[in-house]
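Data block below; observations after.
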Amino acid sequence: METMKQYIEEAESALLHTYNRYQVVLDKGDGVYLYDIEGKKYLDFCAGIAVFALGYHNKKYNDALKAQIDKVIHTSNYYYNVPAIEAAKKIKKVSGMDRVFFTNSGAEAVEGAIKAARKYAYLKDGTTDHEIIAMEHSFHGRTMGALSVTGNPKYREAFEPMIGNIRFAKMNDFESVLANVTDKTCAILFETVQGEGGIYPATEEFLKKVRTLCDEKDILLILDEIQCGMGRTGTMYAWQRYGVKPDIMTSAKALGCGVPVGAFMMTEKVGQHSLTSGDHGTTYGGNPLAAAAINVVLDLFEENHIIENVNQVGAYLTEKLDELVQEYDFITERRGIGLMQGLVFEKPVGEIITKALDKGLILINAGTNIIRFVPPLVITRENVDEMMEILESCLK
Ligand SMILES: *Cc1c(COP(=O)(O)O)cnc(C)c1O
């Protein structure tokens, strides 16, 4: 067998160098642990970037996928398939939204949400110069449309021009949103809890004010729940804790727990007055294998009381991270909700993350000086203790 070093050399000569990867080749997973090809064990507080909510090697999940593979993997959207019908019904139930469109990724869900909002506005007045307000420090994906609403100039610059008529406001600053509203505003888009940008939750006040503004002006509220959704903050979707409902929303990451899926959903009002036959499509979206993954994920969320676990263990993690803020001067703040947490450092965190990896703990950053905690949603208090022990040994 080749060594890890050999594999990494091969990877670097064959793959386009778009990622600065850690020097590890992962091989398999079990529960909340991952193993590299040399058999070293890692406690995983990244979950494939907030994806693998159920933990690795879940028997029921694996069996459901295997059963679907033996039936049919793909059929195209020219035809109906039962797993997609079941998945759409379940998503409606957990999200309270009325219409579902399946995609293959988060970025593609954001693309669809933008198209739906533009079409809604177009049907109202027949013009094509509508504007969207997005937020600074947001992240919505790497495709051109999703990048256009991503509030990080560094990601956008080399790829200009972006899609037009995007304005950026400040998250949790309602006045800055108001200042950007015009007669042409068709949508206001943000992550209910900003992820990549540094774990900034929307405040209840901000969400409510934006919702009221949207209602008054018939502007669509689009919430990106790709990272913060699927139970991560202790409700199925983060907006549900505020009693404020979006007109359009996106979901991905943990929705398929590893099988690449995404979705955008909308209310009946938007569904009846936006995208229609011929307006939008995708070859793979909602194929039987992808839909089977969504079905078993949503079943397991219920059966295994995932959201209850997030609330219990999330509270414990919050308490433990707050202790670190008290204890270390160079840790300035903890932000987040449930099992989506950020620890803000005065200095870059790259070295701490690499050290933790050496000691068998997988952590990721959000920006240069924030450690992001987005573990599998099945972690226990004992796993939090285990994480804290390794993390503290790296801080000293
Ligand atoms: C990850 C992410 C995306 C992009 O999803 P991909 O599946 O990588 O395209 C969009 N929005 C948010 C909030 C994300 O965290």
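In each ligand, atom 1 is the first atom listed, and ligand 1 is the first ligand listed. Counting begins at 1 with the first residue of the sequence.
- Regarding atom 15 (O) of ligand 1, its nearest protein heavy-atom neighbour is Lys253 NZ, 2.6 Å.
- Within a 4.0 Å radius of atom 8 (O) of ligand 1, the protein has no heavy atom.
- For ligand 1, none of its N or O atoms has an N or O atom of Glu108 under 3.5 Å away.
- Which parts of ligand 1 touch Ser105 is read off a 4.0 Å heavy-atom cut-off, strictly below it: atoms 7 (O), 9 (O).
- Residues Ile337 and Ile199 are not in side-chain contact: their nearest non-hydrogen atoms beyond the backbone lie 4.5 Å or more apart.
- Backbone and side-chain nitrogen or oxygen atoms of Gly106 are examined, and one is located within less than 3.5 angstrom of a nitrogen or oxygen of ligand 1.
- A 6.0 Å sphere centred on CZ of Phe159 holds no more than 12 heavy atoms belonging to other residues, nucleotides or ligands.
- Classified by interplanar angle (parallel below 30°, tilted 30° to 60°, perpendicular above 60°), the ring pair Phe206/Phe190 is tilted.
- The protein heavy-atom contact nearest to atom 11 (N) of ligand 1 is Asp224 OD2, 2.8 Å.
- Here atom 10 (C) of ligand 1 lies nearest to His140 when heavy atoms of Gln194, Glu225, His140, Gln227 are compared.
- Geometrically, Lys28 engages Tyr35 in a cation-pi contact defined by less than 6.0 Å to the ring centre and at most 45° from the axis.
- Nearest heavy atoms, Pro83 versus Asn295: O-ND2, 2.9 Å.
- Every atom of ligand 1 is numbered from 1 in the order shown, and the set under 4.0 Å from a heavy atom of Glu191 is 13 (C).
- Of the N or O atoms in Ala107, one or more lie within a sub-3.5 Å distance of an N or O in ligand 1.
- For Glu196, no nitrogen or oxygen atom sits less than 3.5 Å from a nitrogen or oxygen atom of ligand 1, counting backbone and side chain alike.
- Side-chain N/O atoms of Thr276 and Asp279 include no donor and acceptor closer than 3.5 Å.
- Side-chain atoms of Val344 and Arg335, non-hydrogen and from C-beta on, do get closer than 4.5 Å to each other.
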